[in-house]
Each structure stands twice: as C-alpha cells, then as structure tokens.
Amino acid sequence: MSARRRAGDLAWTASTADMVATSCGTAVAAVCALGLFQIERLLAGVWSVAAVLTAGCVCAMLARTFARLAAVIPSGASLLAYLSRGFGRRAGVAIAVPYLLLTLFLVGAEATVVGLVVARLAPVPAPVASLVFLVGTWLLCRAGIQVGYRVQALATWALLVGLGALSLQPIAAAAWRGDLAARLLPPAPPAVDFVAGVGLAIFLFMGFELITTQIEVSSSAVVGKALRVSVAVLTAFYALVSIGFSCMAVAPRELTSGFVPQLALAEQAGGAGALALVALLTVLASFTSFNGALLSLSRFAYALAAQGALPRRLARVEPRSLVPRGAMSALLAIAVGATALVAFGDLLMPSLLAAAVAASLLYGGALLARQRPPFAEEDRRAGARHVGIALALVLAGLGAGVVIDAGPARVTLLVLLAAAYGAAALGCLRVPQSARAAPLSLARPAPTHGD
Amino acid sequence: MSRLADAARRFVAAYHAREALVAEQAGWRCVIALHATDGHAVTVHVDGGRVTAVAQQAGPADLVISADAATLEDILELRRNPNEPYLFGELTVRGPERDFLRLDYIATLLCPR
C-alpha cells in the first residue's frame, strides 16, 4: 500500500503491484490446470500455445475496455454497474448474474480439486477434505477475516513461479530425449477444435477483470495499468505451463476421475518434495480465490436482497464484523451443493465449460457496452468502434464453439447454462426499472435490522 | 444552504435519533465527502460514531461518495436504499471498505424500504 494524504484524496490506496497480484490470483485457480489440460487434449504443442496467445490478445483488448468502463463508472459493483449503465438494469442483471452464478459453481470444481490434492497427500477421503476446505474458509469469512493484499500477492507469485519453474523440467527433458520438436509440432487440429481451445483459454483468464471491484480502494489509472500487466503475466504463465504439459513424458490423453494435472506435472518434474509444494500452493490459491469470492458475492447477494430481488433475510448484516452472514451462509450452501454435484454428478468438465461460455458472453457484453453511452467518447474513431463490435461477435462465436465441441458434456453443459440464465431471467423480473422513489416522511419508523 | 446540505442535516438528525444505532458505531471516526456530480458538495465529520460537523464544501475525506444531486438527496431523505443506485452504477464510492460498509449499514438501517 502507498500512503498519501492531501485535500480531495483518500488516506491510502492499493498499488499497481497489489492489483496485479490480486488480478492474477483471482484468475489462476486450481481448476485452471484442468482447463489447460483440456486444451492440451484438444490441440497440443504449439497449437495450445497459439490458443493461449490468441486468448491473451483478446483479453488485452478486454483489459483496455474494462479500464475504460472502470474509469467512467468507478464502482465496486463493477460488471453489473457497467452493463446496467450501458444496456439498462434488466439487461445488466441478465448478462452479469449468470457469470457470477457460474463463478460460484466453479467453486464446486475448485473444492473438488482441493479434495483430490489433499487426499493424495493425507489419508483423508477427498469429499471430506473438500467440505473442510469450504466450511473452514466460510468460518474465516464469517468472522470478517479477509486475506490481505500481501498474503494474496505472496500466494499468487509463489504459485506462478513454482508451477512455471516445474514446467521447465519436462521441456528440458524432452529436449534431452530429442523429441521436443515432435512434442511441439503435432498435426494441425480441426478449426472447430482450435476455436473451442481459444474459448477454453479465455476461461483461464476469467476473473482477471474483477480487480475493477476494488477501484474504491485504488484509482482508475492503477486499475487500468494492472489489468494490462496482469494479462501479459497470465499469458506468459499459461503459455509456459501449456508447453510443459505438451512435453510431459507420459501425457495422459483422458481426464480420468481423480487426475490432477498440476500434481502430475510436479510428480514428473520434481518428485515428492515438488508434489507437496504444489499441493500446498494449490490449496493456498484455492483458499484466496474462495475467500475473495465469498466476501464479494455475499456483498452482492446482500445488496440484491436489500433491493428485494432476493429474500430479505439475506440482507441482514452482523453489526460488529459488518458481514452479511445470512447471504454468506446461503452461498456456502450453494457451494457445498455445487461441490457435491461436481464430485458425485461428474460435473467437473461441464462446470468449466459453462463458465467459459458465460465469460465469453459477458466479455462480449462489456465490449458492446463500451460502444454506448456513458462509455463511448464522441470523438472516438469509427474503426475502433467496429473492432470492438467485431470482437464481441467473435467472443459470442467462441462461446458457441465451446458448446459445439463439448462432446459428451454438451447436454449437461446446456442444462447448467439454462439454469444460470433462467435464474437470472427470474431475477430480472424483480429488478426495479424506475430510478426515482416516491417521497417518504423521515418520521416514518424504520424496521429493526441486524442479527 | 444547499438542498444537499439540508438533506444531509436531516439524515444526521434521523441517525442521531436512533441512539442504539449511534452507540453501535462508537469508536468510528471518518470524514465523508458527498459529491453531487451536477451540483454541490458536503463534507460530514464523524467522531466516536456521532456526526460532529456538516460543512457545505468539499475537503479532505476518508470516504468520497459521488452521484447526481437527486440520487444523493433521495438517499439522505431516506426515499431510496443506497444499494440500488450503487448496484446499478448510479452512485460510486471511494475509500476504505470498512468505512463504506459501516455507512452502508447505517443508511440501510435508516431507510425503511
């Protein structure tokens, strides 16, 4: 943090380094290794790297877009605020809420991976470890304990450097064996596979833009710079790990139950010590992600409940910690349910794919919102506007590509998408369109709130 | 006196009338700037959970709240829950989250909707 104090300024703000670490930490979750592995199965070698680089270029443009949106509306409500201002409240809810719901569902995938990681190292059944992870994180959040920027940064850089370094070992080993070129240059994949691979690669960046929710403790300039830097860092990291997966001595072609790619990488690259280190970093990364998701989504659910869009009892705040405990408990229940569905209903891959589709649609929506008031500049070149609109259509196409190429997961994927967008549509009906309320006397008694 | 300052004083009166709520905020110290994007600014000083001054001017602040004047007046006169304009990007906040959450808590409790 950098401290400063002058007229009109805030007492303190988060720095660019803090924001970059937070952005990368939110994007890099344990399930990202599964996403990378799925891309590897589809494409392999330089084609996987090309998919990551293409997604990186798309996200670099998105970073500029989100920087603009955050500069015009510097709100912690972030995505919902931008889309609502661009398209109206109901459209904002219809686009943003499925993304947030599927993010929560992704917690189920994350907890499942954590359970598998812990079960590999300790005599604990994976579902029990998943449950302990969820409830333990929830208890800390319920007490108002938030992971600080420094802890988040430490966990993020340790994970990026650790996995990045481990990825170098299979690359070096492939070069030593003399099959590096064969590993990196497989036959060209079908176009639809490449499109689906890029769609999945965008999923790897999912969440990088959520630092815009922290603009209240930062500034538009810092958030804009951090968005650009974090996309560059993430692109380099995913490209390196992708090459590492391509060069693994034994590259499993099927994502079998209980397989955790980052542990396989650690086992091949560094043995038991590396395995323990990667397991620790995976759990830490998952903890920081879930901690942040619980705190921010509970505030979001609280605000929606205060509006009447969700049950009012979710709008109760504990006066001491100022934590909306009702909303947080509801989120825990959803997360546990999602984990059970992922673990026992074989929904791991459909949940990842559904998140990828929702991210593509939300990012496309953000690009279109940027072309509209209050975000569009009067003197902006028509060419730039057309590029933004074209990219939004490309993102929608990538989302469709993920659905088309989902294979056996397609039906479950469509059910998940229908549930998320259906819930958002129901929420839309309860969202007030009118911005002005009728006059009310201050003397009118207020109801009692709080736990 | 501007309408915004007048609304802020009425909000403070409503807050001070809730003694239990004020007691809950004991120890809270904060300077809040209300910035109407199309009009005036007001600075509110809070010490020990009680509002000690409402100044009709912009100044150094821990928490800066910006919206159009009509939205700010609606909230200060308890006609609108602050969450609504916040969620939909019509009201923005800058400052430490703990101060923002506390103010949000107070405004939500006072607002009868």
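Chain letters run A, B, ... following the sequence lines, proteins first, then strands; residues in each count from 1.
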Next item on the list: Determine the interplanar angle of the A:Y363 and A:Y99 rings, folded into 0 to 90°, and report it as parallel if under 30°, tilted if 30 to 60°, perpendicular if over 60°.
Entry: tilted
Checklist line | Selection from B:T92, B:L87, B:L101 maximising heavy-atom pairs under 4.5 Å formed with chain A | finding: B:L87
Notebook entry, point to check: Which is it for B:L76 and B:R10 under the side-chain contact (heavy atoms from CB on, under 4.5 Å) test, yes or no, and what are the steps along the way?
Noted result: CA-CA 7 Å; B:L76 291 169; B:R10 280 192 277 162; over 6 Å; no
Checklist line | Salt-bridge present (A:E377, A:R68; N to O < 4.0 Å) | finding: yes
Checklist line | Portion of A:Y302 that has a non-hydrogen atom of chain B nearer than 4.5 angstrom | finding: side chain
Margin query: Below 30° counts as parallel, above 60° as perpendicular, anything between as tilted: where do the rings of A:Y82 and A:F66 land?
Written below: tilted
Next item on the list: Considering only heavy atoms and a distance below 4.5 Å, find which of A:P324, A:G92, A:P74, A:S78 pairs most often with chain B.
Entry: A:P74
Next item on the list: Pick one of side chain, backbone, both or neither for A:V72, based on which atoms fall under 4.5 Å of a heavy atom in chain B.
Entry: neither
Notebook entry, point to check: Can you say whether A:L83 sits under 4.5 Å from chain B via the side chain, the backbone, both, or neither, judging by heavy atoms?
Noted result: neither
Note to self: Please determine whether a side-chain nitrogen of the Lys or Arg among B:E90 and A:R89 lies less than 4.0 Å from a carboxylate oxygen of the Asp or Glu.
What the structure shows: yes
